Amino acid sequence: MESIKEVGCLVKELLSVFEKTFGKKAELAACAPGRVNLIGEHTDYNDGFVFPMALPLVTVVVGCKNDGSTSCTVHSTASNVSDDPTVTFPLPTESAPLAPGQPAWANYVKGTVANYHGPLTGFDAVIGTTVPLGGGLSSSAAIEVAVYTFLEALCPTDPPVNYRQKALNCQKAEHDFANMPCGIMDQFIAVRGKQGHALLIDCRNQEDTLVPMDNPDIVILVTNSNVKHELTGSEYPQRRSDCHEAARIVGKPSLRDASMDDLNGHKDKMDDVLFRRARHVISEIQRTTDAVHSLQQGKFITFGQLMLASHISLRDDFEVSCVELDELVELAMQCEGVYGSRMTGGGFGGCTVTLVSNNAVQTTVDHIKSQYSGKATFYVTKACDGARVLDLAAI
């Protein structure tokens, strides 16, 4: 199992890199977490419910103002940007707004700066992360929300934007600069996460409910298949388009408003693919609320059954799983002490999430390691806090 680097250790590393890169000391630091979605996949852009929790895996930004400058220089320590780790760009103006470009990783930073609601000043920053990139744990939202939180400390607004607007601003950064039409879940949980709790999010009205996730006998095991996915291809936008078309056919504003009876009543008006896409979303929205109620009542067996049903639906109806994810779920479900397992994230690779008894974690990991056809990475996780400014004096 992977040991998860403490936030303070990552900050210290980045402070050292910052001083070597810029020849001065950083004055501010902020972080935002990755997330794992326990259930409720591909429902957020259908006005449905999702149930994520924030992870101890984080993205950290350290930096300071570069007084008198109207440009921003950002250096990334991420392993996948080694060929082009530093970027400089001007502050946006009405006559010269920022635009996406190369290197691609910097678009998440530039998009956040462009969508920051408040005064801006030039800055120097270093970014580092422990969130696996391309693993379905929302490394992109972690960057956006960490940068936004850093900007709030660097250039505070009075009053500050509320958490919903902050999440929406970061979502818009991803839409406009990374060309990814994501729903609101990833940015929302990165902003709103709370230690010991998962978060039920109503993606229609952005209302949220904290649900305790602190039973010491239960562990969330995140398993990275180490199969990378790129969701900016045609698959994700096509799924989103399919869902909107199915809602139009059944005469509803979104699939959140549709029942299985509605769908079955219009089956002859859509092809099999569209029908199955809609069936996943409608059933997944129901599974999510049922799963939360089960968890609140301590019914872990029921919660696990709903997780597995979610995976089967994602595999067969929504068709966003892959051989490796199916294999990991099957291997996990063979283990005593495992309640449920499913793929998590957008799909086409990435991670699975498994609800498992604390005393069965090691045997589960050992079993998967010995049987999995690839090389998996394992994280034993608990629900953690969302985005925050870090006190450098305490590190």
Side-chain angles (χ1 to χ4, degrees), residues 5-34 57-93 96-131 133 139-157 160 166 169-170 173 177-178 190 387-395:
K5 186 180 295 183
E6 295 287 340
V7 175
C9 293
L10 178 58
V11 171
K12 287 178 180 178
E13 291 178 8
L14 297 182
L15 290 174
S16 176
V17 172
F18 184 90
E19 191 165 359
K20 290 175 182 175
T21 303
F22 294 103
K24 56 185 176 182
K25 291 185 181 295
E27 298 172 0
L28 295 170
C31 74
L57 300 159
V58 299
T59 292
V60 170
V61 182
V62 303
C64 63
K65 295 179 180 180
N66 52 11
D67 292 329
S69 173
T70 58
S71 66
C72 309
T73 300
V74 183
H75 177 85
S76 173
T77 63
S79 58
N80 67 330
V81 301
S82 56
D83 292 338
D84 209 353
T86 306
V87 64
T88 298
F89 55 89
L91 291 173
T93 64
L98 284 174
Q102 293 296 325
W105 69 265
N107 289 329
Y108 298 100
V109 180
K110 291 194 287 186
T112 305
V113 171
N115 285 281
Y116 181 69
H117 286 197
L120 284 168
T121 185
F123 64 87
D124 298 322
V126 170
I127 299 177
T129 190
T130 56
V131 185
L133 304 176
S139 56
S140 57
I143 295 173
E144 294 149 7
V145 176
V147 170
Y148 203 102
T149 306
F150 171 78
L151 292 175
E152 287 178 317
L154 189 75
C155 314
T157 60
K166 179 176 177 177
N169 293 346
C170 292
F177 279 71
R388 55 205 182 271
V389 175
L390 301 169
D391 182 4
L392 291 180
I395 293 174

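What you see is a predicted model; the values in this text were computed from it and never measured. Numbering starts at 1 and runs along the sequence shown.
Considering all non-hydrogen atoms of both residues, Ala30 and Ala146 come closest at CB-O, 3.9 Å. When all heavy atoms of Thr59 and Ala142 are compared, the pair lying nearest together is OG1-CB, 3.6 Å. The minimum heavy-atom distance linking Cys155 with Pro119 is given by the pair CB-O, 3.0 Å. Contact between Ala125 and Val61 at its shortest, heavy atoms only, is CB-CG1, 3.9 Å. When all heavy atoms of Val145 and Ala387 are compared, the closest pair comes out as CG1-CB, 3.5 Å. Nearest heavy-atom pair, Val113 versus Pro92, reported as atom, atom and distance to 0.1 Å: CG1-CD, 3.9 Å.
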Exercise for the section: Check the pair Phe177 / Tyr108 against ring-ring contact (aromatic ring centres under 6.0 Å, His included), numbers first and verdict last. Expected result: CA-CA 7 Å; Phe177 279 71; Tyr108 298 100; 9.8 Å; no

Handout entry: Check against side-chain contact (heavy atoms from CB on, under 4.5 Å), Lys12 and Ile395
Key = CA-CA 7 Å; Lys12 287 178 180 178; Ile395 293 174; 3.7 Å; yes

Practice task
Report the C-alpha distance between Tyr148 and His117 in whole Å, list the side-chain angles of each, state the deciding distance to 0.1 Å, and finish with yes or no for side-chain contact (heavy atoms from CB on, under 4.5 Å).
Solution key: CA-CA 9 Å; Tyr148 203 102; His117 286 197; 3.9 Å; yes

Handout entry: Verdict with reasoning, Val109 to Val87, per side-chain contact (heavy atoms from CB on, under 4.5 Å)
Key = CA-CA 10 Å; Val109 180; Val87 64; over 6 Å; no

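Between Thr73 and Thr21 the shortest side-chain heavy-atom distance does not fall below 4.5 Å. Phe150 places none of its side-chain heavy atoms less than 4.5 Å from the side chain of Val62. Under the 4.5 Å side-chain criterion, counting only non-hydrogen atoms from C-beta, Lys65 is in contact with Leu154. In this structure, the side chains of Lys166 and Thr149 come closer than 4.5 Å at one or more pairs of heavy atoms. Here the side chains of Lys24 and Asn66 are in contact, with some heavy-atom distance below 4.5 Å.
With rounding to the nearest 0.5 Å, the separation of CG in Leu133 from CH2 in Trp105 is 12.0 Å. With rounding to the nearest 0.5 angstrom, the CG atom of Leu14 is 11.0 Å from the SG atom of Cys31. Atoms CG and CD, on Leu28 and Glu152 in that order, are 12.0 Å from each other to the nearest 0.5 Å. One finds the OH atom of Tyr116 at 11.0 Å from the SG atom of Cys170 (value rounded to the nearest 0.5 Å). Rounding to the nearest 0.5 Å gives a distance of 11.0 Å between CG of Leu151 and CG of Asn169.
Distance alone, capped at 3.5 Å, places no donor-acceptor pair between the Ser76 side chain and the Val126 backbone. Under a 3.5 Å cut-off, the side chain of Thr129 and the backbone N or O of Val58 do form a donor-acceptor pair. Using a distance-only test at 3.5 Å, with no hydrogens or angles considered, a donor-acceptor pair links the side chain of Asn107 to the main chain of Gly101.
Between His75 and the choices Thr88, Thr86, Asp124, the side-chain hydrogen bond (donor to acceptor under 3.5 Å, both in side chains) rule is met once, by Thr86. Each of Val17, Val147, Val60, Thr77 was compared with Ile127 under the side chain to side chain contact (heavy atoms under 4.5 Å, CB included) criterion, and only Val147 meets it.
Environment of NZ in Lys25: sparse, with no more than 12 heavy atoms of neighbouring residues, nucleotides or ligands closer than 6.0 Å.
Residues meeting the side chain to side chain contact (heavy atoms under 4.5 Å, CB included) test with Glu13, sequence neighbours left out: Lys5, Leu10.
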